[in-house]
Student: 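Okay, handing you the structure first.
These numbers come from a predicted model, not from an experiment. Heavy-atom basis, side chains included; hydrogens, waters and symmetry copies ignored. Numbers for residues simply follow the sequence, beginning at 1.
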Amino acid sequence: MKGNIQYKEGLTFSKEDIKNLYEDAKWSLYTDNMDELMKAITNSLKVITAWDKDKLVGLIRVVGDGVSIIYIQDILVLKSYKRKGIGGGLIEKVLKNYSDVRQKVLLTDDTEETRGFYESIGFKSCDNGGLVAFVNFD
């Protein structure tokens, strides 16, 4: 499957493409206000999407300064396309783009699947040594 997927940088999608992707992930807090979501994506430092022909199947977006720190804000892959190397491909492209950046951070749900995915591509959980993470959600 990975060979059939085309990756694109930039804002190459429609609002409906984004809505379908985020709803598939059950991220309804995002899709409750599509105008705000689209503004957030547009204001990102980098957006990379994954396509199967004309179907948006994955997205990663990065925020930060791009010099000393980046945050991987969202990474989504349609459920029917998971475990096909697409998420890893998206991460790989971001890490290659920002190879000189020392801090590459993401905050995500702590599920077995999520933890396994990020650890398999070299990320370390803050609860496994030396670091602590704090967050304040309004």
Student: Taking side chain as C-beta onward, heavy atoms only, is Ile75 less than 4.5 Å from Tyr118?
Tutor: yes

Student: Answer with yes or no whether the hydrophobic clustering places Ile70 together with Leu106; edges join I, L, V, M, F, W, Y residues whose side-chain heavy atoms lie under 4.5 Å apart.
Tutor: yes

Student: Does NZ in Lys55 sit with more than 12 non-hydrogen atoms of other residues, nucleotides or ligands closer than 6.0 Å?
Tutor: no

Student: Mark yes when over 12 heavy atoms from residues, nucleotides or ligands other than Lys79 sit less than 6.0 Å from its NZ; otherwise mark no.
Tutor: yes

Student: Judged by atom type as modelled, is there a donor-acceptor pair below 3.5 Å linking the side chain of Asn97 to the main-chain atoms of Lys93?
Tutor: yes

Student: I want to check something: taking the side chain as every heavy atom from C-beta on, are Lys15 and Asp35 in contact at a cut-off of under 4.5 Å?
Tutor: yes

Student: Side chains of Leu76 and Trp27: closer than 4.5 Å at any heavy-atom pair?
Tutor: yes

Student: More than 12 foreign heavy atoms under 6.0 Å from CG of Asp32: is that the case here?
Tutor: yes

Student: How about CG on Asn43, more than 12 heavy atoms from neighbouring residues, nucleotides or ligands closer than 6.0 Å, or not?
Tutor: yes

Student: What are the two closest non-hydrogen atoms of Thr49 and Leu90, and how far apart are they?
Tutor: C-CD2, 4.2 Å

Student: For Leu78 versus Leu56, what's the shortest heavy-atom pair and its separation?
Tutor: CD1-O, 3.5 Å

Student: Which heavy atom of Ala50 sits nearest a heavy atom of Ile5, and at what distance?
Tutor: CB-CG2, 3.7 Å

Student: Take a 6.0 Å sphere around CD of Glu36 and say whether it holds more than 12 heavy atoms from other residues, nucleotides or ligands.
Tutor: no

Student: Measure the spacing between OG1 of Thr12 and CD1 of Ile48 and express it to the nearest 0.5 Å.
Tutor: 10.5 Å

Student: Should Tyr81 and Ile91 be regarded as members of a common hydrophobic cluster, given that ILVMFWY residues are connected when their side-chain heavy atoms come within less than 4.5 Å of each other, either directly or indirectly?
Tutor: yes

Student: So if you build clusters from Ile, Leu, Val, Met, Phe, Trp, Tyr with side-chain heavy-atom gaps below 4.5 Å, do Tyr22 and Trp51 land together?
Tutor: yes

Student: Do Ile41 and Leu45 sit in one hydrophobic cluster, given that two such residues count as connected whenever their side-chain heavy atoms are within less than 4.5 Å of each other, even indirectly?
Tutor: yes

Student: When you measure from the side chain of Ser14 to the backbone N and O of Asp17, does any donor-acceptor pair fall under 3.5 Å?
Tutor: yes

Student: Measure from the side-chain N and O atoms of Asn4 to the backbone N and O of Asp52, and report whether any donor-acceptor pair falls under 3.5 Å.
Tutor: no

Student: Heavy atoms, side chains only, cut-off 4.5 Å: are Phe13 and Met38 in contact?
Tutor: yes

Student: With a cut-off of under 6.0 Å to the ring centre and 45° to the axis, is Lys104 in cation-pi contact with Tyr98?
Tutor: no

Student: Are the side chains of Tyr7 and Ile86 in contact, using a 4.5 Å heavy-atom criterion?
Tutor: yes

